[in-house]
K.L.:
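Dropping a structure here in structure tokens format, bear with me for questions.
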Amino acid sequence: MKKIVYLFLLILTSYSVLGLFNISFANCSNINIFDTPTSIQTTNEIKKDIYSKYAIVYERNSGTILFEKNVHEKCPMASTTKIMTAIIVLENSNLSDVVTISRKSASTGGSRLGLKYKDKITVNNLLYGLLLCSGNDAAVALAEHVGGNYNNFMKMMNKKAFDLGFYSTHYESPHGLDSKKHYTTAYELALLTDYALKNSTFKKIVNTHKHSVQINNYSKTISNTNELLGKQNVYGVKTGFTGNAGRCLVTAAKNNKNLDIIVVVLGADTKKIRTKDSSKLISYAFDNFSLVNLDSYFKDEYNKIKKECFENVSIKKSYKTNIKTSLLLPKYKLYPINNNFSNKVSVSTLVLKEFHAPIKKGTIISKINLYIDAQYICSCNIINKEDISQKNYLEYLLYFFKNFKNISNNVSF
């Protein structure tokens, strides 16, 4: 009888200790969870040929950078400012609204649509004037109409930048004329452009070569200032120039293999340089990168390890012998790979050495890492699909009595 009591106390003590210290000796400590690729294999052979002070090639399918030069340095951006102006207008007004031109708008200098005091024009026509011929007068008219007043529109622009996570961007005007506290970075301008191009009206306007705007009762034909529009598969976006900003150009281009890029060049000394730099960067991206489907690599690896690692397994403190799992794929499906590394994609899986109940539904129990030429690119997680409960005291007690003979034969005091 004494032996039975000792055995029973031993079982209860063991259970309590395991319940308090639910330690799983897993080979997955300090896992970093990424849902987007974090790096790209780049080559620097063309860097010496890019003369603009700031430049970036941003791939839209994956959110990766294919080329960079001073991309996080603050700088003036001239009329590329109007990308943000257009987005604020599109998200906060009706295209059919009629705007009466104020004295402030009519007297705004620089590039102009040609508006006069008390002219009447729709928001839609003002947007064409803003984005095609880069009308500063159109920018002020839109700001006053949408913001209620000029200063309130500035607040709307800066709030939008903050909401989009741009902490190195600040606006003091809707047009981009030189101002001390008016700046952005090539990287944040690329992100803004990517956001703007998701708006179908914006995308349509910036891809327009010529357009007839109606001002009062007469028509005026305006042309797009983007010298690369229609060349090298370019479908937008915006030009810019001031004394401090230099020549600026934001372009979007997509080839027949669905590689969709945004090229930003800022601070070029001449229009010729901004055009050449942009053209070189477009060619660089299209000639050197191809899209691959990341999902296929992750799914293949997951199917390989599913049976081996998650079926017929021992789960301590549970009667379960398998774990039902699902694969959380990365946010981006397509990813650009440098053609030199297209045959060097590999994956590795980090799997727990042992499992301990309880395991809550949605718990990350494994992850698959993807590498290109041994360089880490991104990960996806494998999660538990259902709750796996822990044995309770009663279950342990029943187990004890059921297996008492075997237990007592293997225990000595």
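Residue numbers run from 1 in the order of the sequence given. The shown structure was predicted, so the numbers you read here are calculated from the model rather than taken from an experiment.
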K.L.:
Taking the side chain as everything from C-beta on, heavy atoms only, tell me whether His170 gets closer than 4.5 Å to Glu172.
P.N.:
yes
K.L.:
Counting only N and O atoms by type, is there a donor-acceptor contact under 3.5 Å from the side chain of Thr242 to the main-chain atoms of Ala245?
P.N.:
yes
K.L.:
Considering residues at least two apart in sequence or located in another chain, which fulfil the ring-ring contact (aromatic ring centres under 6.0 Å, His included) criterion with Phe162?
P.N.:
Tyr167
K.L.:
Sequence neighbours left out, what passes ring-ring contact (aromatic ring centres under 6.0 Å, His included) with Tyr171? Give chain and number order.
P.N.:
His182
K.L.:
Distance check, rounded to the nearest 0.5 Å: Ile65 atom CD1 versus Glu59 atom CD?
P.N.:
11.5 Å
K.L.:
Any donor and acceptor pair, going by atom type alone, linking the side chain of Asn94 with main-chain N or O of Ser96 inside 3.5 Å?
P.N.:
no
K.L.:
Applying side chain to side chain donor-acceptor pair (under 3.5 Å), run through Lys210 and Thr221 and close with a yes or a no.
P.N.:
CA-CA 7 Å; Lys210 291 181 183 293; Thr221 300; over 6 Å; no
K.L.:
Listed by chain and number, what are the salt bridge (Lys or Arg N to Asp or Glu O under 4.0 Å) partners of Asp287, not counting sequence neighbours?
P.N.:
none
K.L.:
Does NZ or CZ of Lys104 fall inside the cone over Tyr150's six-membered ring, less than 6.0 Å from its centre and within 45° of the axis?
P.N.:
yes
K.L.:
If every non-hydrogen atom of Ile282 is compared with every non-hydrogen atom of Val234, which pair is closest and at what distance?
P.N.:
CD1-CG2, 3.7 Å
K.L.:
Please lay out, stage by stage, how Lys53 and Asp269 fare under the test salt bridge (Lys or Arg N to Asp or Glu O under 4.0 Å).
P.N.:
CA-CA 9 Å; Lys53 294 181 179 68; Asp269 289 337; 3.5 Å; yes
K.L.:
Whether the side chain of Ser283 engages the backbone of Lys280 through a donor-acceptor N/O pair (distance < 3.5 Å, no angle test) should be reported.
P.N.:
no
K.L.:
Say whether, by atom type as modelled, one donor and one acceptor occur between the side chain of Lys254 and the main chain of Asn233 under 3.5 angstrom.
P.N.:
no
K.L.:
So, taking the atom named CG in Leu370 and the one named OG in Ser379, what distance separates them when rounded to the nearest 0.5 Å?
P.N.:
8.5 Å
K.L.:
Do Lys203 and Tyr235 form a cation-pi contact, if we require the NZ or CZ to be under 6.0 Å from the six-membered ring centre and within 45 degrees of the ring's axis?
P.N.:
yes
K.L.:
So, does Asp373 use its side chain to make a donor-acceptor pair with the main chain of Gln375 at under 3.5 Å?
P.N.:
no
K.L.:
Start with the C-alpha gap between Lys160 and Tyr195, add the side-chain angles, then the distance that decides, and say whether side chain to side chain donor-acceptor pair (under 3.5 Å) holds.
P.N.:
CA-CA 11 Å; Lys160 186 68 176 182; Tyr195 176 85; 2.8 Å; yes
K.L.:
Quick check: does any side chain N or O of Arg112 sit under 3.5 Å from a backbone N or O of Thr108, one acting as donor and the other as acceptor?
P.N.:
yes
K.L.:
Do Arg274 side-chain atoms and Gly240 backbone N/O form a donor-acceptor pair below 3.5 Å?
P.N.:
yes
K.L.:
Can you spot which of Thr270, Asn226, Leu228 makes a side-chain contact (heavy atoms from CB on, under 4.5 Å) with Thr275?
P.N.:
Leu228
K.L.:
With the side chain counted from C-beta on, respond yes when Lys333 and Asn61 share a heavy-atom pair under 4.5 Å apart, and no when they do not.
P.N.:
no
K.L.:
Taking side chain as C-beta onward, heavy atoms only, is Lys231 less than 4.5 Å from Ser279?
P.N.:
no
K.L.:
Give a yes or no answer on whether the side chain of Asp119 reaches the backbone of Leu115 with a donor-acceptor pair at less than 3.5 Å.
P.N.:
no
K.L.:
Which distance, rounded to the nearest 0.5 Å, do you find between the OG1 of Thr100 and the OH of Tyr117?
P.N.:
9.5 Å
K.L.:
Is any side-chain heavy atom of Phe166 less than 4.5 Å from a side-chain heavy atom of Thr184?
P.N.:
no
K.L.:
Any chance you could lay out the ring pair (Phe, Tyr, Trp, His ring centres under 6.0 Å) test for Phe67 and Tyr58, step after step, and finish with the verdict?
P.N.:
CA-CA 7 Å; Phe67 175 90; Tyr58 178 87; over 10 Å; no
K.L.:
Closest approach of Ala186 and Val264, non-hydrogen atoms and distance?
P.N.:
O-CG2, 4.1 Å
K.L.:
Within the 3.5 Å criterion, strictly below it, is a donor on Asp137 or Ser105 matched to an acceptor on the partner's side chain?
P.N.:
no
K.L.:
For His211, give me all partners under ring-ring contact (aromatic ring centres under 6.0 Å, His included), at least two apart in sequence or on another chain.
P.N.:
Tyr128
K.L.:
Does any part of the side chain of Asn303, heavy atoms only, come nearer than 4.5 Å to the side chain of Glu301, both counted from C-beta?
P.N.:
no
K.L.:
Among Val213, Leu131, Asn125, whose side-chain contact (heavy atoms from CB on, under 4.5 Å) with Ile222 holds?
P.N.:
Val213
K.L.:
For Thr81 and Gly176, work out which heavy atoms get closest and say how close.
P.N.:
OG1-CA, 3.5 Å
K.L.:
Just do the side chain to side chain donor-acceptor pair (under 3.5 Å) check on Ser79 and Lys82 with the steps written out, would you?
P.N.:
CA-CA 6 Å; Ser79 285; Lys82 290 164 184 165; 3.0 Å; yes
K.L.:
What is the distance from atom CG of Leu132 to atom OG1 of Thr239, rounded to the nearest 0.5 Å?
P.N.:
9.5 Å
K.L.:
How far apart are the closest heavy atoms of Cys133 and Thr225, and which atoms are they?
P.N.:
CA-CG2, 4.1 Å
K.L.:
Taking atom types as modelled, is there a side-chain donor on Asn338 or Asn340 under 3.5 Å from an acceptor on the other?
P.N.:
yes
K.L.:
Could you walk me through whether Leu66 and Ile261 pass side chain to side chain contact (heavy atoms under 4.5 Å, CB included), step by step?
P.N.:
CA-CA 9 Å; Leu66 306 187; Ile261 60 172; 4.3 Å; yes
K.L.:
Name all pairs fulfilling the ring pair (Phe, Tyr, Trp, His ring centres under 6.0 Å) condition that reach into residues 91-110, sequence neighbours left out, sorted by first residue then second.
P.N.:
none
K.L.:
How about Thr85 and His175: do any of their side-chain heavy atoms sit closer than 4.5 Å?
P.N.:
no
K.L.:
For residues Ile50 and Lys276, determine if any side-chain heavy atom of one lies less than 4.5 Å from a side-chain heavy atom of the other.
P.N.:
no
K.L.:
Do Val345 and Tyr371 have side-chain heavy atoms sitting under 4.5 Å apart?
P.N.:
no
K.L.:
Check the pair Lys159, Asp163 against salt bridge (Lys or Arg N to Asp or Glu O under 4.0 Å), reporting the backbone distance first and the verdict last.
P.N.:
CA-CA 6 Å; Lys159 183 180 183 302; Asp163 291 344; 2.8 Å; yes
K.L.:
Could you check Leu130, Asn136, Ile121 and say which one makes a side-chain contact (heavy atoms from CB on, under 4.5 Å) with Leu113?
P.N.:
Ile121
K.L.:
To the closest 0.5 Å, what do you measure between CG (Asn339) and CG (Asn288)?
P.N.:
6.5 Å
K.L.:
Could you go through Ser168 and Thr185, starting from their C-alpha distance and side-chain angles, then the distance that decides it, and tell me whether this counts as side chain to side chain donor-acceptor pair (under 3.5 Å)?
P.N.:
CA-CA 7 Å; Ser168 297; Thr185 67; 5.6 Å; no
K.L.:
Tell me, please, which residues at least two apart from Tyr187 pass ring-ring contact (aromatic ring centres under 6.0 Å, His included).
P.N.:
His72
K.L.:
Is the side chain of Asp194 donor-acceptor paired with the backbone N or O of Arg60 at a distance under 3.5 Å, no angle test?
P.N.:
no
K.L.:
Ignoring hydrogens and geometry, is there a side-chain-to-backbone donor-acceptor pair from Glu68 to Val71 under 3.5 Å?
P.N.:
no
K.L.:
To the nearest 0.5 Å, how far apart are CG in Leu266 and CD in Glu73?
P.N.:
11.5 Å
K.L.:
Which of these, Leu189, Leu197, Thr80, sits in a side-chain contact (heavy atoms from CB on, under 4.5 Å) with Val237?
P.N.:
Leu197
